[in-house]
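Written below as structure tokens is the structure these notes are about.
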Amino acid sequence: MPEPQEGPRRTVLGAPGRSLFQVGVPGLRPRCPWPNSSSGGVRCLMRAALAVARNAFDGMPHRDVVSATAAIGALTRQGWHRDAVAQFSQVLSDGVAPNEFTFGTVLRSATALRAPRLGVQLHACAAKLGLCSNVFVGSALIDHYAKMGALRDAQGVLEDTREPNVVSYTALIAGLLKNGMFDEANRLFRRMPERNVVSWNAMIGGCSQAGLSEEAVNLFLEMCREGVPPNESTFPCVLTSVANAGALGAGRSVHASAIKFLGKVNVYVGNSLVSFYARCGSLEDSVLVFKMMNLKNVISWNALICGYAQNGKGEEALDAYKAMRATGLKPNNVTLLGLLFGCNHAGLVDEGYALFKTAEMEQPGILKPEHYACVVDLLSRAKRFDDAKRFLEELPFEPGIGFWKALIGGCQIHWNRELAESVAKRIHALDPKDTSSYILLSNVYSAAGSWQSVSVIRREIKEKGLKRITGCSWIEVHDKVHVFFNGDCRHHQSAEIYSMLETCLYTKEHDEHEYSIV
DNA sequence: ATAGGGTTAG
């Protein structure tokens with residue numbers, strides 16, 4: 001590594017007064033293109049290069065705001081937020097007055113560090129310098145406060161900003177939506193003087209995340225009508241919504257629209273498409289999109305594996321996982337969860353358990369309570385109650401209510417009345433309002449033929465006013481989604497549906513009978 | 001020269 005040289009004009013890293021961090025260090029780029037890269041070598045190199053640059057920066061005879069801001073900005077972009085904040089304090093104690101851009105970058109670090117008190121200090125500091133009415137400082141503060149959940153403060157800053165721009169409004173709108181304040185966000189969105197793609201994306205994405213699927217899709221349509229061309233960030237947001245709504249036809253149109261506006265799909269759009277098609281039950285299209293993608297990351301593989309898993313294709317999920325490993329990609333927590341889920345539903349007990357054990361050995365860091373719960377589910381579904389109980393006893397943490405529900409689920413399938421009763425007591429002790437334990441217990445009783453116990457439980461549910469969340473199925477016909485519950489008679493073609501169902505069932509029985517003779 | 005808002009897998 002070359003030593004930084006003396007004098008302002010001869011430093012190896014570039015002329016002083018310019019951004020030291022933008023100067024080319026061979027083989028390195030100013031902005032790391034692999035933000036999640038775990039490649040240790042590259043990280044070491046980056047760190048060394050930045051250390052050199054910092055030395056050069058410290059040795060500079062005339063440091064000004066601009067070079068200081070460049071230095072802090074580089075640290076922020078690298079994700080070295082503590083260093084960025086330290087550099088900022090250094091600049092302050094050097095007597096250099098930060099400007100609007102300095103606040104922009106250091107506030108980003110404060111957000112990343114989730115340091116609301118630091119944000120308040122920076123706000124006060126900016127106020128002392130008379131920078132609070134500045135748009136740049138204002139936008140940065142709004143974004144910071146909004147991301148910290150301090151929406152009142154964010155709104156206050158917007159009011160203090162002299163000429164708020166699209167960025168100021170968009171930052172606040174995104175924050176409002178993240179906190180479930182759709183009406184306020186929408187009001188602000190309608191009121192703001194100027195809207196661009198990012199503002200539309202913020203609205204659409206915010207609605208998607210809040211579960212407001214219809215609103216998200218309508219906003220997308222409105223955006224297109226208003227002549228704002230969607231970009232590659234727009235489509236993942238919309239696709240999440242149509243997938244949540246189970247609207248296969250609408251999603252196909254969105255896919256067509258993506259091709260129309262973008263020409264091709266990037267990783268983000270591709271990943272959302274793979275997931276969308278799988279979640280709407282069209283595995284063929286999901287796989288088709290996956291195969292068409294020329295760039296695939298862990299998320300692409302996860303979308304495929306989880307798609308198989310959700311559609312009951314455990315073997316296919318395992319095959320996809322093998323193919324993924326063959327490309328050299330490492331699985332993460334979502335990969336493992338998808339695989340365990342897939343094994344669960346395909347009855348691949350040993351495979352699932354082996355995957356868990358391997359992860360425990362090789363990547364213990366990715367294991368979360370959900371994975372352990374999946375294993376309990378896996379074992380109890382396979383009637384391996386002793387293994388399940390032992391596994392529960394050896395958990396490295398205190399099992400939550402979900403673990404006992406996983407165990408009781410298996411009791412229902414295998415009519416294990418004794419275990420079901422003791423587990424139901426445990427669940428009841430943990431959460432007396434929990435309905436699912438009652439339902440499961442009553443199912444166990446009815447499976448075992450103890451009808452008296454069943455009626456006792458049912459009466460108890462009714463008396464306590466407990467509500468159950470019923471499972472449902474749905475199908476899309478001519479752009480309309482029809483939802484059905486168990487024993488549902490509310491559909492206007494209910495009679496026809498049931499008669500068709502009977503025909504199908506009769507045919508199936510008939511076929512089976514035919515086969516059994518042969 | 002320096003800064004900023006929106007995105008994918010469960």
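All values reported here derive from a predicted model rather than from experimental measurement. Lettering follows sequence order; numbering is per chain, from 1.
Residue S272(A) places no side-chain N or O under 4.0 Å from the OP1 or OP2 atom of dT7(B).
Residues satisfying the ring-ring contact (aromatic ring centres under 6.0 Å, His included) test with H345(A), not counting sequence neighbours, are F341(A). When the side chain to side chain contact (heavy atoms under 4.5 Å, CB included) test is applied to N99(A), the partners found at least two apart in sequence or on another chain are V65(A), T69(A), F101(A), T102(A). Under the rule for a salt bridge (charged side-chain N to carboxylate O under 4.0 Å, His left out), the partners of K405(A) that lie at least two apart in sequence or sit in another chain are D434(A). The ring-ring contact (aromatic ring centres under 6.0 Å, His included) test applied to H255(A) returns Y277(A), not counting sequence neighbours. Scanning for salt bridge (charged side-chain N to carboxylate O under 4.0 Å, His left out) contacts around E184(A) gives an empty result, with sequence neighbours left out. Remark: L395(A) engages Y372(A), F391(A), L392(A), F397(A), P399(A), F403(A) in a side chain to side chain contact (heavy atoms under 4.5 Å, CB included) (not counting sequence neighbours). Listed by chain and number, the residues in a salt bridge (charged side-chain N to carboxylate O under 4.0 Å, His left out) with K128(A) amount to none (sequence neighbours excluded).
More than 12 heavy atoms of other residues, nucleotides or ligands lie within 6.0 Å of CZ in R190(A), so this atom counts as buried by the packing criterion. Heavy atoms of other residues, nucleotides or ligands lying less than 6.0 angstrom from CD of E226(A) number more than 12.
In the region residues 305-317 of chain A, proximity to DNA chain B at under 4.0 angstrom, judged on heavy atoms, holds for C306(A), Q310(A). Of the residues in residues 189-201 of chain A, those with a non-hydrogen atom less than 4.0 angstrom from any atom of DNA chain B are N196(A), V198(A), S199(A), N201(A). For residues 128-156 of chain A, proximity to DNA chain B is found at F136(A), D143(A), K147(A), defined as any non-hydrogen atom under 4.0 angstrom from a strand atom.
Going from atom NE2 of H345(A) over to atom P of dG10(B) covers 14 Å, rounded to whole Å. Put simply, CG on N244(A) is 11 Å from P on dT8(B), counting in whole angstrom units. Look at CZ on F88(A): it is 13 Å from C1' on dA3(B), rounded to the nearest Å. When rounded to the nearest whole Å, the span between CG of L337(A) and P of dG10(B) equals 10 Å. In this structure, CH2 of W301(A) is placed 18 Å from P of dA9(B), rounded to the nearest angstrom. For Q209(A) and dT8(B), the CD to P distance is 6 Å, given to the nearest whole Å. Protein atom CD of E100(A) is 13 Å distant from nucleotide atom C1' of dA1(B), rounded to whole Å. Across the protein-nucleic acid pair, N266(A) atom CG and dT8(B) atom P stand 12 Å apart, rounded to whole Å.
Among the nucleotides dA1(B), dT2(B), dA9(B), the one closest to any side-chain atom of N99(A) is dT2(B). Taking every side-chain heavy atom of V66(A) into account, dA1(B) is the closest of dG10(B), dA1(B), dG6(B). With dT8(B), dG10(B), dG6(B) as the candidates, the nucleotide lying closest to the side chain of K368(A) is dG10(B). Nearest nucleotide to the side chain of S233(A), out of dA1(B), dA3(B), dT7(B): dT7(B).
Stacking of F101(A) onto the six-membered ring of dT2(B) is not present when judged by under 5.5 angstrom between centres and under 30° between planes.
Contacts of V274(A) with the nucleic acid, taken as non-hydrogen atoms under 4.0 Å apart, are absent.
Residue pairs meeting the salt bridge (charged side-chain N to carboxylate O under 4.0 Å, His left out) criterion with at least one partner in residues 141-155 of chain A, sequence neighbours excluded, are D143(A)-K147(A).
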What donor-acceptor contacts under 3.5 angstrom involve side-chain atoms of residues 313-320 of chain A, with partners at least two apart or in another chain?
none

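When only modelled atom types and interatomic distance are considered, Q90(A) and D94(A) share a side-chain donor-acceptor pair under 3.5 Å.
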